[in-house]
Amino acid sequence: MTILITGGAGFIGSHFARRMVSQGSRVVVLDKLTYAGNLENLKDITEDSKTSQLFKFYKGDICNQELVEHILSVEGIDTIVNFAAETHVDRSIQSASTFIDTDMKGVFVLLEASRRYKIKKFIQISTDEVYGTAHRGAFKETDALNPSNPYSASKAGGDRLAYAYWATYKLPIIITRASNNYGPYQYPEKFVPLFITNALEDKKLPLYGDGKQSRDWIHVEDHCASIDFLMTHGKDGEVYNIGGGNERYNIDTACIILDELKKPKSLIEHVKDREGHDRRYALDCAKLMSLGWEPKIKFENGLKDTIEWYRSNQSWWKRIKSGEFAEYYDKQYKHRFSCAE
Ligand code: NAD
Ligand code: TDX
């Protein structure tokens, strides 16, 4: 099997690439290397002579039709897993343009090329955010979509466009909607790595609003295992929710991180809430579980290992935090800290 992994230099895509080459699949990564893409995330693949021969990297944009078609024509790709996306909600609130390009137009380019080159399996990595806030219960795959920020709206566009290529052209697509991922190599703009690294630096943890928003957490390795499973057990044209079964209030997750690092709770600062903030995400994963898959990593254990990884890999995140991130952090948080509730 030769898999094209788009966005394979990012957080989840790099874990998936590592998993697939270690199982003997040939992997081609196409990644634009935006601020979130990082070749260091793939270093253990490229520096190992056994896995490096199964691996090829292209720097480029999924919106570039010529490049995408070139890769499909010369690399003998049979499967595409599309992780490439702009992924941070707060950045989409600051400026939505790149989200529309990559998360919608980019999906269109990949789908069109897949039709032309008769790709055997196309997995579109969507997200639980497309359902919007779960006021009660948990969302099933058949529930209506109600995205409420530019990121989730553009992901919903890509999600439904992928479905349309199944319904219209019978392109063999599968759509996955996972809950919040955590684990090593996550860019420190996201909640878990931001709070771990700020705590390690004795900096304030900017908790939005009352911190009683809740998220369901899945370890990135469990998420990648489920995608691998669905490549063979999933049914074309279907959507699958992928949850970790670990729903927690943000404030409770922040407290676990501080306790683990033996840092004071006074580091938490309640700051101005995110605009249009979804209060709660929750997924009903019975459909995936009925096929025989379930997550293995308990949240408290996975979080402990993740904290340990950030403690032991400070050069990875310190380099990121001193670059583009510093400017972003200032723009995103400076005014929040000054008008704290
Ligand atoms: P990430 O931001 O860490 O990585 C995204 C990667 O995509 C980066 O390497 C970036 O360079 C690349 N990229 C961005 N625009 C591109 C373009 N136009 N062409 C080619 N490459 C491009 O994201 P992540 O957290 O690893 O998320 C991966 C996927 O999983 C996304 O589709 C996201 O919507 C989805 N998802 C993420 C989560 C989560 O909690 N992180 C949960 C559910 C679904
Ligand atoms: O500084 C912060 N303070 C804070 O309280 C940040 C960055 C976040 N939060 C809150 C907002 C959310 O309720 O923490 C929660 C998690 O925030 P993010 O890490 O930004 O994730 P979220 O908005 O839930 O979206 C994530 O899950 C779905 C991913 O970023 C998406 O890519 C994925 O699709």
Side-chain angles (χ1 to χ4, degrees), residues 5-16 29-39 41-42 58-64 67-68 81-93 98-99 101-103 105-107 109-110 123-130 133 147 149 151-152 154-155 158-159 176-183 185-195 198 204-218 220 223-224 227 241-244 248-251 253-254 268-274 277-281 283 329 332-333 336:
I5 301 179
T6 61
F11 166 47
I12 308 172
S14 63
H15 282 272
F16 190 70
V29 164
L30 168 62
D31 196 295
K32 190 178 173 184
L33 296 181
T34 65
Y35 77 91
N38 187 349
L39 289 175
N41 300 357
L42 296 163
Y58 284 86
K59 180 179 187 302
D61 193 330
I62 58 165
C63 299
N64 182 339
L67 174 62
V68 169
V81 186
N82 180 30
F83 291 96
E86 288 293 337
T87 62
H88 195 41
V89 173
D90 292 322
R91 291 191 193 245
S92 81
I93 293 168
T98 53
F99 288 76
D101 290 343
T102 297
D103 301 8
K105 171 86 191 299
V107 178
V109 169
L110 292 173
I123 315 261
Q124 171 60 15
I125 306 298
S126 185
T127 167
D128 63 353
E129 293 211 15
V130 296
T133 286
N149 59 65
Y151 162 70
S152 52
S154 56
K155 288 295 290 186
D159 176 316
T176 64
R177 297 180 185 150
S179 61
N180 284 57
N181 282 226
Y182 69 100
Y185 296 108
Q186 187 168 29
Y187 194 86
E189 66 192 353
K190 303 293 196 304
F191 177 77
V192 164
L194 178 69
F195 277 32
N198 274 17
K204 292 280 185 189
L205 312 188
L207 190 67
Y208 293 160
D210 62 3
K212 288 284 183 72
Q213 306 84 5
S214 62
R215 294 293 184 264
D216 169 45
W217 296 97
I218 183 166
V220 64
H223 183 197
C224 290
I227 297 164
N241 287 343
I242 306 171
R248 299 283 186 282
Y249 285 128
N250 291 339
I251 192 159
T253 303
I268 294 177
E269 186 160 332
H270 289 268
V271 299
K272 185 175 172 294
D273 207 350
R274 172 184 281 171
H277 197 168
D278 286 329
R279 194 80 184 154
R280 174 172 176 257
Y281 295 141
L283 293 175
Y329 193 78
Q332 177 64 21
Y333 293 101
R336 285 200 143 83

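Whatever order the structure lists them in is the order used to number ligands and atoms, beginning at 1. The shown structure was predicted, so the numbers you read here are calculated from the model rather than taken from an experiment.
- Salt bridge absent: Glu86 and Arg91 never bring a charged side-chain N and a carboxylate O closer than 4.0 Å.
- Contacts of Tyr249 classified as ring pair (Phe, Tyr, Trp, His ring centres under 6.0 Å), with partners at least two apart in sequence or in another chain: none.
- At under 3.5 Å, a nitrogen or oxygen of Pro206, whether backbone or side chain, sits near a nitrogen or oxygen of ligand 2.
- Salt bridge status for Asp61 with Lys32: present, with a side-chain N to carboxylate O gap under 4.0 Å.
- With hydrogens left out, the protein atom closest to atom 23 (O) of ligand 2 is Arg274 NH1, 2.6 Å, a heavy atom.
- Below 4.0 Å from some heavy atom of Leu207 lie the following atoms of ligand 2, by number and element: 5 (O).
- Counting non-hydrogen atoms of neighbouring residues, nucleotides and ligands closer than 6.0 angstrom, the NZ atom of Lys105 reaches no more than 12 such neighbours.
- Atom 1 (O) of ligand 2 has as its closest protein heavy atom Tyr333 OH, 2.6 Å.
- Considering backbone and side-chain N/O atoms, Arg215 comes within less than 3.5 Å of an N/O atom of ligand 2.
- The shell of residues lying under 4.0 angstrom from ligand 2, judged by heavy atoms, excludes Lys155.
- For atom 25 (O) of ligand 2, the nearest non-hydrogen atom from the set His277, Arg177, Glu129 comes from Glu129.
- Looking from atom 21 (O) of ligand 2 to the surrounding protein, the closest heavy atom is Asn180 ND2, 3.4 Å.
- By the 30° and 60° cut-offs, the orientation of the rings of His15 relative to Phe11 is perpendicular.
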Checklist line | Test log, rule side chain to side chain contact (heavy atoms under 4.5 Å, CB included), inputs Leu207 and Phe191 | finding: CA-CA 9 Å; Leu207 190 67; Phe191 177 77; 4.0 Å; yes
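- Within the listing of ligand 2, atoms 7 (C) sit less than 4.0 angstrom from a heavy atom of Glu189.
- Remark: ligand 2 and Lys190 share no N or O pair separated by less than 3.5 Å (distance only, no angle test).
- Residue Leu194 has at least one heavy-atom neighbour below 4.0 Å for each of these atoms of ligand 2: 1 (O).
- The single protein non-hydrogen atom nearest to atom 10 (C) of ligand 2 is Asn250 ND2, 3.5 Å, given as residue, atom name and distance.
- Within the 4.5 Å cutoff, no side-chain heavy atoms of Tyr185 are placed close to those of Asn38.
- Note: no N/O pair closer than 3.5 Å links Asp128 and ligand 2 by distance alone.
- Residue Asn181 does not touch ligand 2, judged by heavy-atom distances below 4.0 Å.
- Under the 3.5 Å distance criterion, the side-chain polar atoms of Ser14 are left unmatched by any main-chain donor or acceptor of Gly8.
- Looking at Trp217 and Val192, their side chains come closer than 4.5 Å, going by heavy atoms from C-beta outward.
- Of the possible donor and acceptor atoms, one in the side chain of Lys155 sits under 3.5 Å from a partner among the backbone N and O of Ile125.
- Atom 33 (C) of ligand 2 has its closest protein heavy atom at Tyr151 OH, 3.5 Å.
- Polar contact check, Thr87 against ligand 2: a nitrogen or oxygen pair lies under 3.5 Å apart.
- Judged purely by atom type and a 3.5 angstrom limit, Asn198 uses its side chain to pair as donor or acceptor with the backbone of Lys204.
- Regarding atom 5 (O) of ligand 2, its nearest protein heavy-atom neighbour is Tyr208 N, 2.9 Å.
- For ligand 2, the polar-atom distance check against Phe191 finds a nitrogen or oxygen pair separated by under 3.5 Å.
- Interatomic distance, Ser152 OG to Asp278 CG, rounded to the nearest 0.5 Å: 6.0 Å.
- Contact annotation: the side chain of Tyr281 never approaches that of Asp216 to less than 4.5 Å [non-hydrogen atoms, C-beta and beyond].
- Around ligand 1 you find Gly7, Ala9, Gly10, Phe11, Ile12, Asp31, Lys32, Leu33, Thr34, Ala36, Gly37, Gly60, Asp61, Ile62, Phe83, Ala84, Ala85, Thr87, Thr102, Ile125, Ser126, Thr127, Tyr151, Lys155, Ala178, Ser179, Asn180, Asn181, each with a heavy-atom distance below 4.0 Å.
- Atom numbering of ligand 2 starts at 1 in the shown order; those under 4.0 Å from a heavy atom of His88 are 20 (O).
- The nearest pair of heavy atoms linking Asp273 to Arg336 is O-NH2, 3.0 Å.
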Check: Could you go step by step and tell me if Val220 and Tyr182 meet the side chain to side chain contact (heavy atoms under 4.5 Å, CB included) rule?
Finding: CA-CA 6 Å; Val220 64; Tyr182 69 100; over 6 Å; no
